[in-house]
Structure formats: C-alpha cells, structure tokens
Amino acid sequence: MDYHPAWDGAAINGRVVFFAWRLPLFSFDVSGYGVSTMMQDVSSLARLDSFPYRHRLSEVMTHPVLTGHEDMSLAEACDRMDRSKVSSLVVVDTDGRAIGIVTERDVLRSLARLKASALNLRLAEVMASPVRTVPADAYLYVGIARMTRLGLRHLVVVDDAGQPIGMITGRALLKVRASQALVIGDDVAEAESAADMERARKALPALAANLLTEGVSARNIAGIISTVLRDITTRAAEMTEQSLLADGWGAAPAPWALLVLGSGGRGESLLTFDQDNAIVHTGSATDDVWFAEFGRRLNDLLNDAGIPYCDGEVMARNPFWRHSLEDWKTEIRHWVFEPQMQTVMNVDIFFDFQAVHGDRELAQELKQYAIDTAATSAFFLQFLAMNVSQMEVPLGIFGEFVTTHGRLNAKKFGLLPIVGAARAKAVRARVTATSTADRYAALHAAGTMHTDDLSSLLDAHETILRVMLDQQLADLAADQEPSARIEPRKLPRPVQKKLKAAFKRIRTLKTMLGG
C-alpha cells in the first residue's frame with residue numbers, strides 16, 4: 001500500500017466508477033489492476049463514501065408506494081398524488097406488478113400538450129413503460145448507479161414477486177450522495193467486449209481495500225463483490241444471446257434461466273473466484289443443442305473477462321449443470337433420497353443459487369422444489385448435518401493454530417462449516433434465503449436459534465471473512481495469487497484471539513445442528 005494521489009476505483013452495478021473526494025485516504029495502489037490509464041490527468045486523491053455500500057434500499061426508500069391501475073384517469077391520479085404528498089404513482093397490473101410510472105413531469109407534459117383535456121386521459125396513455133425497478137435488498141449504490149446511468153428521478157423498489165413496495169427519488173438520494181463529486185467509467189450494462197467487463201472486475205481489489213479502511217464489514221464487501229460478478233455474468237449472457245442471433249442460432253427455444261451458484265449466489269464472494277453457473281429451461285432434449293452452445297460461449301466470454309473457468313466444471317457448458325426443469329427435479333430427488341458424498345458437494349453449490357438472467361419465476365420454482373423436497377427427508381438432513389459436524393477445526397490441544405508452512409485454509413476450516421450449518425438448518429426449516437447471515441437471521445426469527453447463537457455465529461463468520469480478505473489484499477500487494485490460505489501468526493494479537501474464538505465456536509455446530 002502507498003500513500004499517494006489516486007482515484008478510488010469501484011464497480012457499481014457492473015459499472016467501473018471513480019469517486020473524487022477532498023480528504024486524503026490511505027489507499028491501495030491500483031496501477032497493477034489495469035485502470036491507471038483512466039487516471040493520468042487526475043491529481044486529487046479520491047475518497048470513497050462507504051454509506052451506499054453499507055445500507056440497502058429498503059432502509060432509505062419511501063413506503064408504502066402509491067399505486068393505481070392503467071384505466072385510472074390522470075385527474076384521479078393527480079388528486080391521489082396531491083393528497084399523499086408524493087411526486088409519482090406506480091401503475092400496476094391485475095397481479096400487482098409494476099408496469100409503468102406516472103410522475104409530476106408526465107403530468108406537466110400532458111397538460112402542456114393537451115391542456116385541461118389531458119386530465120381525462122387514462123394512465124396507460126400517459127405512463128412511462130416499462131418501469132425501471134430494483135429489488136429491496138440491493139445495496140444503495142446499485143440504486144445510485146442505475147439512476148445516474150439512466151437519468152432517472154424515480155426508481156421503483158420491488159419485492160421478490162415484482163410488486164412495488166417503495167420508491168427511491170433523486171431528492172431522497174441527495175442526503176447520501178451530497179459529497180459525491182464525480183462518477184465516471186465504463187458501464188458493464190453497455191459493455192461490448194470481454195475487455196469492457198474486465199475493467200470492472202479489475203477494480204474490485206481497490207474497492208475492497210478502501211471499503212475496509214472506511215469500516216465497512218467484510219460481509220457487506222463480499223456482497224458487493226458478488227453483485228459486481230453477477231452483473232458481469234448477466235451482461236455476458238446478454239452478449240452471448242446476441243452472438244447466437246447474429247450467427248443464425250435464433251432465440252432460445254424455450255423459457256430458461258441462468259443461475260449463479262455457490263458463494264456468488266449467496267453473495268459471499270471474496271477476491272478469489274471462478275465460474276459456478278447452471279441453466280434451467282422448460283424445453284425438450286433436442287433443445288439442449290442451443291443451450292449447450294450458449295453455455296460454451298458464455299463460459300468462454302466470462303473467462304476472457306477475468307472470471308476463470310471452474311476447475312470442477314461447474315459451468316453451463318457441462319451437461320450435468322444444464323437441465324430442463326423436470327430433469328432438475330429428477331436430479332434433486334436423486335440427491336435427496338440417494339445421498340452420497342458427491343451429493344454434498346452438489347448441494348453445497350446448487351442450493352445457494354441466484355437467477356441472474358432469463359425467467360426468474362422458473363428459477364424460483366426450481367428453488368422452492370429443491371427446498372421442499374430436501375426438507376421431507378430426515379435422512380438427507382442428517383446427512384448434511386453429519387458432513388458439517390465431521391469437519392476439522394485447526395486448533396491444537398493447547399489452543400494453538402495448526403498450520404502447514406505457516407498457513408491454514410480458512411475457507412475449508414472456517415467458512416465451509418459455518419455456511420454448511422446455516423444451509424442445513426435452513427433447508428430443514430424451509431427457509432428460502434440464500435446468504436449465510438440471512439439464513440441465520442431467519443432461523444432466529446422463527447425461534448429455532450437462540451440470540452446468543454445468532455450473535456456468536458455471525459461474529460465468527462465476519463471474523464473469518466475479514467482475515468481472508470485482508471490476506472488476499474496482502475497477497476495481491478505482494479504480486480501473489482490470492483487464496484483462502486491465511487497466515488494466522490502474522491495477525492495482530494487481538495485478531496488472533498478473535499480467530500481462535502471463531503474456530504472454537506465452530507466446534508459447537510454439531511450441537512446446534514442437532515436441534
């Protein structure tokens with residue numbers, strides 16, 4: 001690390017951005033990450049405001065959101081907006097999903113064009129459609145970036161069913177972006193090549209380093225890294241579809257969804273990552289020709305963008321990770337009712353998936369089936385629990401760290417048991433959340449986990465993520481490949497103490513899983 005003038009690189013919603021601030025910061029030299037050419041004319045030091053990276057849209061949105069149907073008159077909409085003292089109304093369909101939005105600007109334009117007769121217009125004739133939406137659990141920076149890129153004053157916040165539950169406005173964001181001086185960079189949503197996407201990926205170490213300096217939790221940083229990687233995967237999928245059309249393959253032969261598995265799906269990726277993806281579709285066996293070609297091109301494109309191939313071939317180009325919905329259901333039944341050691345490996349990756357492109361309702365149907373099926377098998381649930389309880393803890397008889405050449409694998413001995421325990425308990429309780437923290441929180445809310453257990457496990461999870469992230473940044477600074485192998489004896493004494501406490505807490509997971 002060097003103390004020097006620079007720009008802070010970040011990747012926001014798949015966008016390479018740089019924030020300029022007035023105050024100096026102990027920053028990470030990003031010249032080795034391929035962004036130095038974008039900094040040549042910059043002399044002031046950038047400082048990253050961490051608020052948008054620590055808080056989610058659900059915390060700052062206005063709610064409830066005002067809604068109406070498309071046959072409502074503009075006059076009635078204006079009356080409701082005035083009485084509610086809001087500047088917009090979301091138009092919803094019969095299922096309650098957002099299909100458009102009417103704002104004060106839309107009203108003024110209509111009045112300017114048609115005078116008083118505009119008040120008789122149906123909202124379907126006035127609304128802006130399709131409406132831009134963002135999920136409630138997305139970080140605030142996602143909303144800021146999307147509104148900046150699209151020039152929006154209003155952004156609708158929706159739940160998992162696509163129903164509006166809140167609104168983000170430019171006025172509300174002034175409070176959290178008042179110190180933002182500049183946002184520049186390439187937008188992954190408009191990337192045209194692997195190199196465009198790689199710039200966002202290369203900005204991640206600098207972003208992580210600065211967020212740590214600003215006091216952002218390692219768990220939140222992992223969520224941000226995962227979001228960027230998922231956004232890159234989404235854009236790569238769009239580009240792959242375009243290339244198939246251009247080469248005469250046509251559109252997808254059936255509804256389908258692209259899934260990101262493992263840590264990327266949980267939102268817990270750090271700076272060592274590879275591809276873990278799969279496909280679900282509703283087509284026949286003959287349709288697999290198209291999906292196979294899609295998978296091959298997608299995996300090649302992501303590899304070129306700096307997200308390397310999975311050594312275990314957990315990728316859409318592998319037929320094992322590319323099935324119709326019915327074939328996936330058959331595969332899941334094999335995992336659940338005929339469990340083997342390979343089953344655990346597949347479950348570890350598969351049950352954490354998130355859809356990043358395509359038919360999300362199809363993906364949700366698959367996830368719900370997987371959880372419901374697994375929850376019915378006591379033997380399978382015991383199998384998952386036993387796998388976690390048999391994991392080793394790297395502490396000796398006197399509480400000392402057990403290492404190999406001075407290092408220990410914090411992922412194997414730390415993250416995997418904590419994540420695996422959360423997954424096993426969540427499946428038993430039919431919890432659909434995917435992140436480890438959200439799973440534990442859901443279990444606590446359901447009354448199946450004591451408050452002290454929740455607190456200690458989340459502390460252990462955060463501690464292990466933090467020491468891994470610190471080690472990876474140190475490795476990169478030393479021009480070494482980052483890995484999950486940490487050097488515990490080089491950690492400050494207080495951190496060593498916390499890490500030992502985390503490993504000791506992991507020893508109690510077997511008891512917790514017995515509940």
Report task. Indicate yes or no: does Asp352 engage Arg439 in a salt bridge with an N to O separation below 4.0 Å. Result -> yes
**Report entry** Note, Leu298 side chain near Met239 side chain (heavy atom, < 4.5 Å)
**Finding:** no
Report task. Could you tell me the separation between the CG atom of Leu204 and the CD1 atom of Ile221, rounded to the nearest 0.5 Å? Result -> 11.0 Å
Report task. State whether the side chain of Asp438 and the backbone N or O of Ala433 hold a donor-acceptor pair below 3.5 Å, judged by distance alone. Result -> no
**Report entry** More than 12 heavy atoms from other groups under 6.0 Å of CD on Glu481
**Finding:** no
Query raised in the report: Is the number of heavy atoms from other residues, nucleotides or ligands under 6.0 Å of Arg132 CZ greater than 12?
Result: no
**Report entry** Leu457 side, atom CG; Tyr440 side, atom OH - distance, nearest 0.5 Å
**Finding:** 4.5 Å
Query raised in the report: Is a side-chain donor or acceptor of Lys411 paired with a backbone partner of Leu416 at a separation under 3.5 angstrom?
Result: no
Query raised in the report: So, for Phe294 and Trp256, is the gap between ring centers shorter than 6.0 Å?
Result: yes
Query raised in the report: Quick check: does any side chain N or O of Asp359 sit under 3.5 Å from a backbone N or O of Leu362, one acting as donor and the other as acceptor?
Result: yes
Query raised in the report: Would Asp231 and Arg235 pass as an ion pair if we require N to O under 4.0 Å?
Result: no
Query raised in the report: Counting only heavy atoms not in Glu400, do more than 12 fall under 6.0 Å of its CD?
Result: yes
Query raised in the report: Does Arg219 come within less than 4.0 Å of Asp459, counting only side-chain N to carboxylate O?
Result: no
Query - Smallest separation among heavy atoms of Gln275 and Ile307, with atom names - result: NE2-O, 3.0 Å
Query raised in the report: Below 4.5 Å, heavy atoms only, C-beta onward: do Thr234 and Ile232 meet side chain to side chain?
Result: no
Query raised in the report: What's the shortest heavy-atom distance between Val431 and Ile371, and which atoms?
Result: O-CD1, 3.6 Å
Requested in this report: Without swapping roles, check the side chain of Arg428 against the backbone of Ala374 for a donor-acceptor pair under 3.5 Å.
Outcome: no
Query - Least distance between heavy atoms, Leu408 atom then Pro488 atom - result: CD2-CG, 3.7 Å
Query - Approximate separation, where rounding is to 0.5 Å, of Gln382 CD and Ser389 OG - result: 9.5 Å
Report task. Give, for atom CD1 of Ile279 and atom NE2 of His323, the distance between the pair rounded to the nearest 0.5 Å. Result -> 11.0 Å
Requested in this report: May I ask you to check if Arg56 and Tyr139 form a cation-pi contact, with NZ or CZ under 6.0 angstrom from the six-membered ring centre and within 45° of the axis?
Outcome: yes
Query raised in the report: Do the non-hydrogen side-chain atoms of Val393 and Lys504 ever get within less than 4.5 Å of each other?
Result: no
Query raised in the report: Between Ala422 and Thr436, what is the shortest heavy-atom contact and its length?
Result: CB-CG2, 3.9 Å
**Report entry** Check: His444/Thr451 side-chain N/O donor and acceptor closer than 3.5 Å
**Finding:** yes
Query raised in the report: Is a donor on one side and an acceptor on the other found under 3.5 Å between the side chain of Glu462 and the backbone of Ala460?
Result: no
Query raised in the report: Does the side-chain contact (heavy atoms from CB on, under 4.5 Å) test come out yes or no for Ile506 and Ile418, once each step is laid out?
Result: CA-CA 7 Å; Ile506 290 171; Ile418 292 176; 3.9 Å; yes
**Report entry** Check: Gln472 side chain, Pro482 main-chain N or O, donor-acceptor pair, under 3.5 Å
**Finding:** no
Query raised in the report: Considering only heavy atoms from C-beta outward, does the side chain of Ser483 approach that of Met468 to under 4.5 Å?
Result: no
Query raised in the report: Where do Ile486 and Asn409 land on the side-chain contact (heavy atoms from CB on, under 4.5 Å) test, with the steps shown first?
Result: CA-CA 6 Å; Ile486 64 171; Asn409 191 323; over 6 Å; no
Query - N/O donor-acceptor pair under 3.5 Å between Thr403 side chain and His405 backbone - result: no
**Report entry** Backbone N/O of Thr404 and side chain of Arg485: donor-acceptor pair under 3.5 Å
**Finding:** yes
Query raised in the report: Are Phe401 and Gln496 close enough, and set up right, to give a side-chain contact (heavy atoms from CB on, under 4.5 Å), and what steps lead you there?
Result: CA-CA 9 Å; Phe401 291 113; Gln496 288 189 34; 3.9 Å; yes
Query raised in the report: Do the side-chain N and O atoms of Ser226 and Arg266 include a donor-acceptor pair separated by under 3.5 angstrom?
Result: no
**Report entry** is_close_aromatic(Phe350, Trp335), centroid dist under 6.0 Å
**Finding:** yes
Query raised in the report: Which pair of non-hydrogen atoms, one from Tyr309 and one from Asn299, has the smallest distance, and what is that distance?
Result: CE2-O, 3.3 Å
Query raised in the report: Taking side chain as C-beta onward, heavy atoms only, is Leu469 less than 4.5 Å from Leu271?
Result: yes
Query raised in the report: If we only count heavy atoms from C-beta on, is the His357 to Thr233 side-chain gap below 4.5 Å?
Result: no
Query raised in the report: Is any side-chain heavy atom of Leu155 closer than 4.5 Å to a side-chain heavy atom of Thr133?
Result: no
Report task. Please examine the side chains of Leu207 and Ile224, heavy atoms only from C-beta on, and report whether any two atoms are closer than 4.5 Å. Result -> yes
Report task. Please round to the nearest 0.5 Å and tell me the distance separating atom CG of Asp304 and atom CE of Met197. Result -> 8.5 Å
Query - Pair Asn277-Trp321, side-chain contact (heavy atoms from CB on, under 4.5 Å): steps then yes or no - result: CA-CA 8 Å; Asn277 45 64; Trp321 294 102; over 6 Å; no
Query - Donor-acceptor pair, side chain of Arg360 and main chain of Val356, under 3.5 angstrom - result: yes
Query - Taking every non-hydrogen atom, the tightest pair across Ile464 and Val467 - result: O-CG2, 3.3 Å
Query raised in the report: Can any side-chain N or O of Arg230 pair as donor or acceptor with the backbone N or O of Gly264 at less than 3.5 Å?
Result: yes
Query raised in the report: What distance do Ser263 atom OG and Ile225 atom CD1 have between them, rounded to the nearest 0.5 Å?
Result: 10.0 Å
Query raised in the report: Gln354 and Thr434: side-chain donor and acceptor closer than 3.5 Å?
Result: yes
